[in-house]
Number of protein chains: 2
Amino acid sequence: MTDESTNLRRVILDAARHLLAQDGYKHLSMRKLASAIGYSATTIYLHFDSKDALFHALIDEGMSRLYKALHEVHLEHADDPIMRLRMLCRRYIQFGLDEPEYYEVMFMLHPEHMERYPAAKYRRARRNLDLFAQALEDGVAQGQLSVTDSRVAASSTWASLHGAVSLLIAQRLDVRIAQEEFIQASIDQALYGLLPVKPKNNPLTTI
Amino acid sequence: MTDESTNLRRVILDAARHLLAQDGYKHLSMRKLASAIGYSATTIYLHFDSKDALFHALIDEGMSRLYKALHEVHLEHADDPIMRLRMLCRRYIQFGLDEPEYYEVMFMLHPEHMERYPAAKYRRARRNLDLFAQALEDGVAQGQLSVTDSRVAASSTWASLHGAVSLLIAQRLDVRIAQEEFIQASIDQALYGLLPVKPKNNPLTTI
DNA sequence: TTTTAGTAGTTAACACTGTTAACCAGAGAG
DNA sequence: CTCTCTGGTTAACAGTGTTAACTACTAAAA
C-alpha cells in the first residue's frame, strides 16, 4: 500500500546514499542499487522517474538536513549574531565533512545534473543562505559588522565555505596542511572581511 | 609518424575540450569524440590509455594555462605584492569564467576521477598555489599583511576563490546577484582577513 | 626483389549502463 | 467469477568504455 510504497522509497534512498559513500558516484548503477536492496532494477522506476530524479530527492533531503543543522545554530545563538555567524560557518563545514555523500550530491556534482534540478526546489536551498544573511543583518544592526548588501555578502561567505569544504572532501589540499588549522583560517579569512573598522590607507582598497 | 601522431593527439584533446564545453561532461563519449574527428573510437586508445587518461591530459594542459596566466600577473606586479595578490585573485576567477571547460575538468569533476590522477602531477598544480603563497610572504615582508603560515593562508584564499568560481560556473547563485559585485565582494572578503590591523575587542576572535 | 617488422587504423565483441514495453501474480470489488 | 488495479517482473533497445583480432601500408633487411 501507500505506506509500504513510501517505505520502499526510503529504503532505496538510504541504499543509494550508502552505495554512493562506499563506491563513489561513478560506480552507482540502477542495477547494483536494485540488487543491493533485493529488487529488480525496474522497480526503482516505480518510485523515481529517473536516476536524476533519485539524485534530486537526495539533494532535497540533504538540503533539509543542512537546514536543520544550521537552524539549530540559528536558535541557539539568536541573541549574538556574531557568534551565530561563526558557528554557522563551523556547522556548515562540519556538515560537509560529516556527510560528504550528501554534500557531494548537493553541491559538487556536475552542473549537468543540476540543470534539470527544478528551479522551485532551489528556493528551499536558499533558506540556508538566508540564515547567513539574517546573521549578517543582525550583526550590522548591532553595529558590529559592515556590509552593503547582505545577500551578496552571504553569498561570498558561502562561497568561501563551499570552497573550503570542496577542497577538503576532494582531498586537494597539500597533505602538510593541518585540517583544523585550514578550517580556522578559512573562517577567519571569510569573517574578518566583514568587520567595520578598515585601517586607513588600506592598501587593499585599490582596484 | 611521430609528428603526425602527436598531431592527432592534439586534435583529440581539442575536440574533447570543444565537445565538453558544448554538451557537458555526461554526454562526452569516446565514440562521439571519435566520430567528431573522423576516426574510429579505438583510435583514441592509441594515444590515451583510457578516458580518464584523456581527462588527465586535459587537466595538465589546464594547469599549465592557469600557471601561465598567473605567472604573467606575478611578473607584472613583481614589486607590489598587495596589488599582485589582488590581481592574482582576479586572474584566477577570470580564468575560471573564460575557460569553464578547463576549470571543470581541473577542479570540479568528481574526486572519483581525481583519485587516479598521478600524485606526481599534483606538484605541477601546486605551482599555482605557490604564486599566492609567494605574494603573501612578500606582503608580510613589507609589513602590509599579517599571516602566520603562508601556505595555509594561500590555501584558504584559494578555497575562497575556488568556491566563488564553482558557484558562478554552476550557476548556483541567486539570479538577483550581480556577478561583478559578487566577485568583488569575494575578493575583498578573502583579502581583508589578511590585514595586519585587527580592531581591538574584535568580536570575531572568540572561538 | 622479396620478405619481414612495425605502424596506424579498423571491425567485432564483451560486459556494462539507463530506460521502456510487455507481461504476470495476487488482491479487492462488482 | 470476472475485472481492474497494484507491485513487481523479464526482455529488449540503444548506448557506454574497453579489448582482441585483424587489415592495410610503409620501410627496412635478406
Side-chain angles (χ1 to χ4, degrees), chain A residues 1-20 22-59 104-105 109-118, chain B residues 1-20 22-59 104-105 109-118:
Chain A
M1 314 299 153
T2 245
D3 187 43
E4 186 62 30
S5 155
T6 54
N7 217 37
L8 184 49
R9 190 186 152 93
R10 259 259 59 79
V11 170
I12 294 173
L13 283 171
D14 289 342
R17 213 179 55 250
H18 189 246
L19 287 182
L20 215 54
Q22 200 171 53
D23 305 334
Y25 162 73
K26 202 181 174 185
H27 296 112
L28 174 58
S29 82
M30 298 301 255
R31 285 175 174 87
K32 275 187 205 161
L33 174 55
S35 89
I37 58 173
Y39 284 85
S40 97
T42 50
T43 299
I44 302 178
Y45 286 86
L46 300 176
H47 299 270
F48 300 93
D49 284 345
S50 65
K51 195 183 183 185
D52 276 357
L54 196 157
F55 277 99
H56 293 167
L58 279 178
I59 292 175
E104 288 182 25
V105 219
L109 235 47
H110 196 273
E112 175 63 25
H113 293 271
M114 301 300 290
E115 249 173 351
R116 292 177 236 159
Y117 186 63
Chain B
M1 319 300 147
T2 246
D3 187 42
E4 186 61 31
S5 155
T6 54
N7 216 37
L8 184 49
R9 190 185 152 94
R10 259 259 61 79
V11 170
I12 293 174
L13 284 172
D14 288 342
R17 214 179 55 250
H18 189 245
L19 287 182
L20 215 54
Q22 198 170 56
D23 305 334
Y25 164 72
K26 203 182 173 185
H27 295 113
L28 175 59
S29 82
M30 299 300 256
R31 286 175 173 85
K32 275 186 205 161
L33 173 55
S35 89
I37 57 172
Y39 284 85
S40 99
T42 50
T43 299
I44 302 178
Y45 286 86
L46 299 177
H47 299 269
F48 300 94
D49 283 345
S50 64
K51 195 184 183 184
D52 276 357
L54 196 157
F55 277 100
H56 293 167
L58 280 178
I59 292 175
E104 289 182 26
V105 217
L109 235 47
H110 195 273
E112 173 64 24
H113 293 270
M114 300 300 290
E115 250 172 350
R116 291 176 236 158
Y117 186 63

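Chain letters run A, B, ... following the sequence lines, proteins first and then strands; every chain starts at 1. Computed over heavy atoms, backbone and side chain alike; hydrogens, waters and symmetry mates excluded.
- The listed nucleotides are D:dG8, C:dT19, D:dT19; the one nearest the side chain of A:L8 is D:dG8.
- Applying the side-chain hydrogen bond (donor to acceptor under 3.5 Å, both in side chains) test to B:S40 and every residue at least two apart in sequence or in another chain returns B:T42.
- At least one donor-acceptor pair closer than 3.5 Å links the side chain of B:S29 to the backbone N or O of B:K32.
- No donor-acceptor pair closer than 3.5 Å links the side chain of A:H18 to the backbone N or O of A:D14.
- Axis angle between the ends of the helix from C:dT1-D:dA30 to C:dG30-D:dC1, five pairs each and rounded to 10 degrees, works out to 40°.
- Residue contacts shown for A:L28 are limited to sugar-phosphate atoms, with no base heavy atom under 4.0 Å away.
- Checking C:dT17, C:dT19, D:dG17 against every side-chain atom of A:S29, the shortest atom distance belongs to C:dT17.
- Contact annotation: the side chain of B:H47 never approaches that of B:V11 to less than 4.5 Å [non-hydrogen atoms, C-beta and beyond].
- Minimum interatomic distance between B:L54 and B:A16 (heavy atoms only, all atoms of both residues): CD2-CB, 3.8 Å.
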Between the protein and nucleotides 10-14 of chain C, are there any N/O to N/O pairs under 3.5 Å, and if so, what are the atom names and distances?
from   : atom 1 : to    : atom 2 : distance (Å)
C:dT10 : OP1    : B:S40 : N      : 3.3
C:dT10 : OP2    : B:S40 : N      : 2.9
C:dT10 : OP2    : B:S40 : OG     : 3.0
C:dT10 : OP2    : B:T43 : OG1    : 2.2
C:dT11 : O4     : B:T42 : OG1    : 3.1
C:dA13 : N6     : B:R31 : NH2    : 3.2

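- Side-chain contact check for A:L8 versus A:L46: every heavy-atom pair is 4.5 Å or farther apart.
- Both the sub-6.0 Å distance and the 45° axial angle are satisfied by A:K51 relative to the ring of A:Y25.
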